[in-house]
Amino acid sequence: MTDDFTTQPWPKLRDVVLDMLSLARPLTCHGAMEADITEALALIRARRRQDRQPVSLHAFLLHALAHAAAECPEVLTFRHGRRLVTFRDADVATVVDRRQPDGTRLPMGLTIRAAQTKTVMQIHDELRAAIRGDLTRTAEVKRRRMLGRLPKFLRKLILRRIAQDPHLLRRVQGTIGLTSLQRPGLDFPFTAFPPNVFTITVAVGGIARRPCPEGGPPRHVVLLGGAMDHAVLDGAALARFSVALRRRIASAEGLR
């Protein structure tokens, strides 16, 4: 009788991922919105046809997120004891999907530092380099592997210390999070609600078609889910950030 299942070793790096997820902010609130991405998709397709220069949707959305955060610095604000610390730079913690030597795919964390100072193509190049290069040699992955080798109680103690100190959190992870679930074929309504170790984390879901209010061709919208730390951020600040992010996506800023 043959087994109808397969097994493989538990990846040690997943222990660190689980420990980080356990540090999600306890007063997190979730929400969702749509942003018109019709013009951005058209510009990305046109650039690929005319210049044979690929531009990833991931890079464009990360660029929009970073600039919206810089415009609304409340989302880059963290509590540190009895003080509030606001960072200047949007150090965006995101994930890239890498193929391993055995053919399996493993998500790897990557932080785009000071993303609000970079163009869409600079961000795209960093993402591509991370996918193709050896991330195991980066300081961030080395730190995570070192954590993975520690006993669980010590690992959680260190990570809790990091989560309580925004300066350490910025150094290890970043100042804002972006999870992109965009893949070929994910062209249907789908909203993800991410865990949140920052003040704000945004998740990119599916792309859906919506009728045009003016009666023109249907529009494409990207579905975004978000998580905010309500201990630090209130609704008015979140609204300003959401408006800025939606405006930047709809106007395709950075792609012209």
Side-chain angles (χ1 to χ4, degrees), residues 21 24 28-50 53-69 71-72 75 90 92-97 105 107 110 112 115 119-121 123-124 127-128 131 176-196 198-228 230 233 235 237-256:
L21 292 177
T28 289
C29 296
H30 290 87
M33 73 174 189
E34 298 179 355
D36 192 326
I37 202 167
T38 308
E39 189 170 356
L41 291 176
L43 288 171
I44 288 173
R45 286 193 296 267
R47 188 162 186 173
R48 287 174 178 169
R49 285 196 306 266
Q50 296 170 7
Q53 177 67 56
V55 181
S56 70
L57 183 60
H58 189 173
F60 164 66
L61 292 171
L62 195 152
H63 177 271
L65 176 77
H67 279 266
E71 186 177 330
C72 305
V75 303
V92 184
T94 191
V95 177
V96 294
D97 197 27
R105 305 193 76 92
L110 175 71
I112 306 296
T119 66
V120 174
M121 278 309 302
I123 295 171
H124 171 83
L127 293 172
R128 295 300 298 172
I131 292 172
I176 191 169
L178 175 70
T179 297
S180 178
L181 284 79
Q182 266 298 307
R183 297 292 183 275
L186 192 66
D187 54 355
F188 51 87
F190 176 76
T191 303
F193 295 98
N196 185 40
F198 303 103
T199 298
I200 282 279
T201 299
V202 174
V204 180
I207 294 177
R209 289 160 63 92
R210 297 284 187 262
C212 180
E214 290 79 19
R219 311 292 292 179
H220 289 87
V221 298
V222 60
L223 278 65
L224 303 172
M228 77 161 187
H230 211 335
L233 199 64
L238 177 65
R240 287 191 292 271
F241 169 73
S242 300
V243 168
L245 178 59
R246 193 169 184 265
R247 183 190 72 244
R248 288 183 172 276
I249 293 173
S251 62
E253 290 190 38
L255 288 174
R256 300 185 180 284

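- A donor-acceptor contact shorter than 3.5 Å is absent between the side chain of T94 and the backbone of L110.
- No side-chain heavy atom of F198 sits less than 4.5 Å from a side-chain heavy atom of V75.
- Test L181, L224, T179 against V204 for side chain to side chain contact (heavy atoms under 4.5 Å, CB included) and you get one pass: L224.
- Under a cut-off of 6.0 angstrom, the local environment of CZ in R248 is crowded, with over 12 non-hydrogen atoms contributed by other residues, nucleotides or ligands.
- The structure places CD1 of I112 at 10.0 Å from CG of L178, a figure rounded to the nearest 0.5 Å.
- Residues I123 and V92 form no side-chain contact, since every pair of their non-hydrogen atoms from C-beta on lies 4.5 Å or further apart.
- Atoms CG and CZ, on L65 and F60 in that order, are 11.5 Å from each other to the nearest 0.5 Å.
- The main-chain N or O of P195 is never found under 3.5 Å from a side-chain atom of H30 such that the two would form a donor-acceptor pair.
- Residues L57 and V222 form no side-chain contact, since every pair of their non-hydrogen atoms from C-beta on lies 4.5 Å or further apart.
- In this structure, M121 and V55 have side chains that are in contact, with non-hydrogen atoms separated by less than 4.5 Å.
- Note that CZ of R49 is 12.0 Å distant from CD1 of I44, once rounded to the nearest 0.5 Å.
- With rounding to the nearest 0.5 Å, the separation of OG1 in T38 from CD1 in I249 is 12.0 Å.
- The minimum heavy-atom distance linking A227 with P194 is given by the pair CB-O, 3.6 Å.
- Checked against side-chain hydrogen bond (donor to acceptor under 3.5 Å, both in side chains), H124 has the following partners two or more places apart in sequence or in another chain: S56.
- Annotation: side-chain hydrogen bond (donor to acceptor under 3.5 Å, both in side chains) contacts of T28 (sequence neighbours excluded): none.
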Under 3.5 Å, sequence neighbours excluded: what are the donor-acceptor pairs made by side chains of residues 237-244?
{"from": "R240", "atom 1": "NH2", "to": "E74", "atom 2": "OE2", "distance (Å)": "2.9"}
{"from": "S242", "atom 1": "OG", "to": "L238", "atom 2": "O", "distance (Å)": "2.9"}

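- Between I200 and M228, the closest heavy-atom pair is CD1-CB, 3.6 Å.
- Although no hydrogens or angles enter the test, the distance criterion places no donor-acceptor pair under 3.5 Å between the side chain of H58 and the main chain of L61.
- Between E34 and R219 there is no salt bridge, since none of the side-chain N atoms of the basic residue sits less than 4.0 Å from a carboxylate O of the acidic one.
- Listed here is the closest heavy atom pair of A69 and I176: CB-CD1, 4.0 Å.
- With rounding to the nearest 0.5 angstrom, the CG atom of L223 is 10.5 Å from the CE atom of M33.
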